[in-house]
> 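Can you read through this structure? Questions will come right after.
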Amino acid sequence: MSTISTSLPELKQRIESREARIGIVGMGYVGLPLALLFSAERFRITGFDIAESKVETLNSGGSYIVRILPEHIQEAQRAGFSATSDYSEVASMDAVIICVPTPLNEYHEPDLSYVTGTVQSIAPYVRAGQLIVLESTTYPGTTEEIVVPLLEKGNPHGLKVARSVGDIGLHVAFSPEREDPGNDTVARHDIPKVVGGCDPGAVELATAMYGSIFRRVIPVSSPAVAEMTKLLENIYRCVNIALVNELKQLCMRMGIDMHEVIDAAKTKPFGFQAFYPGPGLGGHCIPIDPFYLSWKAKEYDFRTKFIELAGEVNIGMPYFVIEQTAAALNDHRKAMNGSKILVLGLSYKKDIDDLRESPSLTIIELLRQKGATVFYNDPFFPHVGRGRHYDLNMENTPLDNIEQFDAVLIVTDHSTYDYKDIVNRAKLVIDTRNATKGIQSDKIVRC
Ligand SMILES: NC(=O)c1ccc[n+]([C@@H]2O[C@H](COP(=O)([O-])OP(=O)(O)OC[C@H]3O[C@@H](n4cnc5c(N)ncnc54)[C@H](O)[C@@H]3O)[C@@H](O)[C@H]2O)c1
């Protein structure tokens, strides 16, 4: 085990010359693309993951994320990329970036066990002068209250986290991941990187490291400010999505097309940002992150009413979709009980292969509870089995015989679907995403 320390100017120089070794813990949707970005900049990256199957796939030049091709992994391998589950390799890293999951537990409270597990695993191998950055989304205070004490307690050399200029110790920072999977309108390196450090050295090093792959780095005064920045961004989305989801329900009663309203409102060149209604929230971020803050707020005798209200509206959306589907079937003299329903799209948003917290999963379960026979089609999922909150065990249904279903329910508006053809062949289409915009047919119910 190496105990050699690196001085701040030395490490900065190693970053600038691309000699710095960077370890990224968690080779998932965030960590793996980040590893590839650094590799493309000629850094030698080591990816750490506890899932042996992921380590094996990566080391054999393969990929398990649809939008990352095996060729991308192989290109990174040529720049020195490799994966491991052996934490002792942390000792040879100059910087370690942590990108592990931060879900909610069954009581809807933050589950930081992946973060604490990771920090406990790396702590025995850290050394003075290293930069440790947490990227996992979490509540303000996590870096200072959880990560720092575990690093200080768990390393055998009595190393402390640096606090002021000139301190010899570990440089610790928080830098939120702000990626939007499937959104190709902004290149990843054009998304500014926010960094808050426990000491000025951490900010200086993190700025140098991230500045080599991101066009702009935004230093803030503390890890807590960086943690809160990420939560503000996601709460802003969550609250605004809830607002349009609620107004959509009112507009439906009033006979107004909410999408037409949003299209008109967004022509205003200032003061309005368009958000779109849908069948409910999904993904690892928007349905979860706001509750990290609600939970933390209780420590300060504070109730985050906007977050709770937005959660209430958004969680209700799959139930609203079920009511609308039952009403549409009723108009066709059909009961939901015994109907054959094809759900189009499983992933939580279009054109990505991510099922986490997807409203489709809740909708399928609710349809089944009402006695419907449910099928699904999704180009990204040939089969869907069990996950954290679902147990479906279903196979992908091809789109050959759309005529046979009593209703086709569009939950995810993948770009590969030919919506005109689907509407032509279906008996009834319930569209929760405005995917059939511009198609005139009395078979379509938009909700
Ligand atoms: N996916 C997104 O779009 C996105 C965007 C912004 C922020 N985030 C945040 O980034 C973090 C990571 O999310 P993700 O989507 O990449 O998760 P993920 O589940 O895709 O990947 C996490 C990886 O960490 C690994 N892992 C878990 N515990 C580990 C441990 N102790 N040691 C090593 N590896 C371990 C898992 O095996 C998995 O491969 C979360 O906090 C999330 O909220 C995600």
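Counting starts at 1 for both ligands and their atoms, in listed order.
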> Among all protein non-hydrogen atoms, which one is nearest to atom 35 (C) of ligand 1, and what is the separation to 0.1 Å?
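Nearest neighbour among protein heavy atoms for atom 35 (C) of ligand 1, to 0.1 Å: Ile50 CG1, 3.5 Å.
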> Using side-chain hydrogen bond (donor to acceptor under 3.5 Å, both in side chains) as the criterion, list what pairs up with Thr207, not counting sequence neighbours.
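Thr207: no side-chain hydrogen bond (donor to acceptor under 3.5 Å, both in side chains) contacts found.
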> Would you say Asp289 and ligand 1 have an N/O pair spaced under 3.5 Å apart?
no
> Is ligand 1 under 4.0 Å from a heavy atom in the side chain of Ser136, in the backbone, in both, or in neither?
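Ser136 to ligand 1: contacts from backbone and side chain alike.
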> Quick one: look up the protein heavy atom nearest atom 3 (O) of ligand 1 and list residue, atom name and how far away it is.
Pro181 CG, 3.1 Å
> Looking only at protein heavy atoms, which one is nearest to atom 13 (O) of ligand 1, and how far off is it?
His284 CD2, 3.8 Å
> Counting neighbours of CD on Glu233 that are heavy atoms of other residues, nucleotides or ligands and sit closer than 6.0 Å, is the number greater than 12?
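Count over threshold, so yes.
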> What do you reckon, is CZ of Phe380 surrounded by more than 12 foreign heavy atoms closer than 6.0 Å?
yes
> Classify the contact between Ser85 and ligand 1 as side chain, backbone, both or neither, using a heavy-atom distance cut-off of under 4.0 Å.
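Under 4.0 Å from ligand 1, Ser85 contributes no heavy atoms.
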> Would you check whether Arg356 reaches within less than 4.0 Å of ligand 1, judged by its heavy atoms?
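It does; at least one heavy atom falls under 4.0 Å.
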> Above 12 or not: heavy atoms from other molecules or residues under 6.0 Å from CZ of Phe272?
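Yes.
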> When you compare ligand 1 with Glu177, is there at least one nitrogen or oxygen pair between them that comes in under 3.5 angstrom?
no
> Which ligand 1 atoms, with their elements, are less than 4.0 angstrom from a heavy-atom of Lys230?
6 (C), 7 (C)
> At a 4.0 Å threshold, what atoms of ligand 1 neighbour a non-hydrogen atom of Tyr87?
30 (C), 31 (N), 32 (N), 33 (C)
> Which residue and non-hydrogen atom of the protein lie closest to atom 5 (C) of ligand 1, and at what distance in Å?
Cys285 SG, 3.6 Å
> When you measure from atom 2 (C) of ligand 1 to each heavy atom in Val30, Ile286, Asn234, which option holds the nearest one?
Val30
> Considering only protein heavy atoms, which is closest to atom 21 (O) of ligand 1, and at what distance to one decimal place?
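Result for atom 21 (O) of ligand 1: Gly28 CA, 3.2 Å.
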> Without swapping roles, check the side chain of Asn314 against the backbone of Ala310 for a donor-acceptor pair under 3.5 Å.
yes
> Side chain or backbone, does Asp49 bring an N or O within less than 3.5 Å of an N or O on ligand 1?
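Yes.
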> What distance do Ile430 atom CD1 and Thr325 atom OG1 have between them, rounded to the nearest 0.5 Å?
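Ile430 CD1 to Thr325 OG1: 4.5 Å, rounded to 0.5 Å.
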> Considering residues, nucleotides and ligands other than Tyr276, do more than 12 of their heavy atoms fall under 6.0 Å from its OH?
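Correct, the count exceeds 12.
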> Quick one: do Asp263 and Lys266 make a salt bridge, cutoff under 4.0 Å?
yes
> How far apart are the closest heavy atoms of Leu11 and Thr6, and which atoms are they?
N-CG2, 3.8 Å
> Using a 4.0 Å cut-off to any heavy atom of Lys54, which atoms of ligand 1 qualify?
38 (C), 39 (O)
> Give me the residue, atom name and distance of the protein heavy atom closest to atom 9 (C) of ligand 1.
Thr137 OG1, 3.5 Å
> Looking at every heavy atom in both Gln77 and Asn59, which two are closest together, and how far apart are they?
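Closest approach of Gln77 to Asn59, heavy atoms only: NE2-O, 3.1 Å.
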> Check this for me: does any side-chain nitrogen of one of Arg446 and Glu260 sit under 4.0 Å from a carboxylate oxygen of the other?
no
> What protein heavy atom lies closest to atom 11 (C) of ligand 1? Include the residue and the distance to one decimal.
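Looking only at protein heavy atoms, the one closest to atom 11 (C) of ligand 1 is Val100 O, 3.4 Å.
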> Taking both backbone and side-chain atoms of Thr118, is any N or O found less than 3.5 Å from an N or O belonging to ligand 1?
yes
> Looking only at protein heavy atoms, which one is nearest to atom 24 (O) of ligand 1, and what is the separation?
Gly26 CA, 3.3 Å
> Just which atoms of ligand 1 are under 4.0 Å from any heavy atom in Thr102?
40 (C), 41 (O), 43 (O)
> Above 12 or not: heavy atoms from other molecules or residues under 6.0 Å from CZ of Arg237?
no
> Mind checking whether His414 and Tyr417 have parallel, tilted or perpendicular rings, split at 30° and 60°?
tilted
> Would Pro101 count as being in polar contact with ligand 1, using the rule that some N or O on each side must be under 3.5 angstrom apart?
no
> Could you list the donor-acceptor pairs under 3.5 angstrom formed between side-chain atoms of residues 32-46 and any protein atom two or more places apart in sequence or on another chain?
from: Ser39; atom 1: OG; to: Ala35; atom 2: O; distance (Å): 3.0
from: Glu41; atom 1: OE1; to: Arg18; atom 2: NH2; distance (Å): 3.0
from: Thr46; atom 1: OG1; to: Arg21; atom 2: NH2; distance (Å): 3.1

> Output the list of atoms in ligand 1 that are nearer than 4.0 Å to some heavy atom of Tyr114, sorted by atom number.
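Matching atoms, with element in brackets: 27 (C), 28 (N).
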> Does even one non-hydrogen atom of Ser121 get within less than 4.0 Å of ligand 1?
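Ser121 does not count as a contact of ligand 1 under the 4.0 Å cut-off.
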> Distance under 4.0 Å to a non-hydrogen atom of Val25: what atoms of ligand 1 satisfy this?
32 (N), 33 (C)
> Would Glu179 count as a polar contact of ligand 1, with the cut-off being nitrogen or oxygen pairs under 3.5 Å?
no
> If you count heavy atoms of other groups shown closer than 6.0 angstrom to CG of Leu309, is the number above 12?
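Above 12, so yes.
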> Would Asp354 count as a polar contact of ligand 1, with the cut-off being nitrogen or oxygen pairs under 3.5 Å?
no
